[in-house]
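Structure first, commentary second.
When reading the values below, keep in mind they use all heavy atoms of this one structure, side chains included, and skip hydrogens, waters and symmetry mates. Chain letters run A, B, ... following the sequence lines, proteins first, then strands; residues in each count from 1.
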Amino acid sequence: MSSKFVTRPDKLIFNNLVWDTVRKIPHGQVATYGQIAGLIQPPGGVKEQTYKAFGARWVGSAMASCPEDVPWHRVINAQGKISLRSTSGAGIQRELLESEGVNFDERGRINLKQYQWDGIESKPPNEKR
DNA sequence: TCCTTGACTCAGA
DNA sequence: CTCTGAGCCAAGG
C-alpha cells in the first residue's frame with residue numbers, strides 16, 4: 001500500500017496549515033476565515049485571485065472535517081458572526097466562546113475589534129471596516 | 001462526466 | 001447598521 005494513500009498532498013497540507021493556524025489562536029480570541037487564509041500560505045499553482053476568492057472558503061471546507069484538537073469554535077466569518085451550515089454546533093460554538101470570555105451581541109454577533117485575533121504575524125492588508 | 005452545493009467576502013442600496 | 005446580490009473555483013454525488 002503505497003500507491004494511492006495521498007491523492008492530493010497539497011490539499012492535505014493546506015488543511016493541516018489551517019488547523020495548525022487555528023490551533024495557534026489564543027484563548028479568548030477569535031479569527032476570521034479570511035484572516036486565517038491570509039496567514040497561511042496558499043498551495044502552489046493557485047492564482048492569487050483564486051485564493052482570495054476561495055481561500056476563506058477552503059478554510060471552512062477544511063473545517064468541515066476539523067479534528068477535535070482544533071478550536072474550530074474560535075473561527076468565525078468576517079461579519080463577526082458564527083458561520084455554520086447547520087444550527088447544530090452553532091449553539092455549541094456560542095457557548096464555547098462565551099465560556100472563553102467572548103461576549104456576544106443580542107444578535108449573536110461578536111465584537112471583532114475587541115476579540116479578533118491580533119496575533120497576525122503576516123499582517124495582511126486587511127485592516128478596513 | 002455533468003450538475004449542485006459550498007464553515008466566504010465585498011460592494012451597493 | 002442591516003439586507004441583498006454577485007463572484008470566484010473546487011469537490012462531492
Side-chain angles (χ1 to χ4, degrees):
Chain A
M1 67 161 64
S2 41
S3 355
K4 282 182 97 180
F5 211 105
V6 268
T7 40
R8 262 144 230 196
D10 288 335
K11 193 162 172 217
L12 290 174
I13 290 167
F14 183 82
N15 287 6
N16 200 345
L17 279 168
V18 175
W19 297 332
D20 191 22
T21 305
V22 174
R23 270 181 228 166
K24 231 166 65 168
I25 301 173
H27 168 97
Q29 286 191 303
V30 295
T32 64
Y33 295 99
Q35 186 178 348
I36 295 168
L39 288 171
I40 65 181
Q41 213 169 31
V46 61
K47 294 176 193 168
E48 189 178 348
Q49 195 172 17
T50 303
Y51 186 67
K52 186 191 168 193
F54 263 70
R57 225 176 260 180
W58 287 347
V59 173
S61 202
M63 288 272 134
S65 193
C66 66
E68 298 185 5
D69 295 27
V70 179
W72 60 274
H73 56 264
R74 285 183 194 155
V75 186
I76 56 174
N77 59 7
Q79 297 176 343
K81 297 198 233 168
I82 298 176
S83 255
L84 253 175
R85 304 199 269 119
S86 300
T87 50
S88 311
I92 297 172
Q93 181 168 13
R94 190 184 73 195
E95 288 194 27
L96 283 168
L97 288 173
E98 283 184 327
S99 188
E100 296 197 349
V102 180
N103 284 337
F104 277 75
D105 252 343
E106 294 185 1
R107 276 254 236 54
R109 222 170 41 208
I110 305 175
N111 194 347
L112 287 174
K113 290 193 167 171
Q114 188 174 1
Y115 293 110
Q116 186 166 40
W117 181 26
D118 58 341
I120 303 171
E121 299 177 310
S122 288
K123 185 83 229 331
N126 233 346
E127 211 179 309
K128 243 174 146 204
R129 228 202 228 235

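In this model, the phosphate group of C:dG7 is not approached by any side-chain N or O of A:R57 to a distance below 4.0 Å at OP1 or OP2.
You'll find the side chain of A:R74 stays beyond 4.5 Å of the side chain of A:V102, heavy atoms only. The closest side-chain heavy-atom distance from A:V70 to A:V75 is not below 4.5 Å. Residues A:K81 and A:I76 fail the side-chain proximity criterion, which asks for heavy atoms closer than 4.5 Å.
Distance CD1 (A:I36) to P (B:dC8): 12 Å, rounded to an integer number of Å. The distance between atom CG of A:N15 and atom C1' of C:dA11, rounded to the nearest whole Å, is 12 Å. Remark: P of C:dG12 and CH2 of A:W58 are 13 Å apart, rounded to the nearest angstrom. For A:K47 and C:dG7, the NZ to P distance is 17 Å, given to the nearest whole Å. If you take CZ of A:R109 and C1' of C:dC1, they are 7 Å apart, rounded to a whole angstrom. With rounding to whole Å, A:Y33 atom OH is found 19 Å from C:dC9 atom C1'. Straight-line distance from the CG atom of A:N77 to the C1' atom of B:dC8: 8 Å, rounded to whole Å. Here C:dT2 presents its P atom at 10 Å from CD of A:Q79, a figure rounded to the nearest Å.
A 6.0 Å sphere centred on CD of A:E98 holds more than 12 heavy atoms belonging to other residues, nucleotides or ligands.
In the region residues 48-56 of chain A, proximity to DNA chain B at under 4.0 angstrom, judged on heavy atoms, holds for A:F54, A:A56.
Going from atom CG of A:L39 over to atom CG of A:D20 covers 11.5 Å, rounded to the nearest 0.5 Å. Distance check, rounded to the nearest 0.5 Å: NZ of A:K47 to CZ of A:F54 gives 13.0 Å.
When heavy atoms are screened at a 4.0 angstrom cut-off, A:A64 is found touching base atoms of the nucleic acid.
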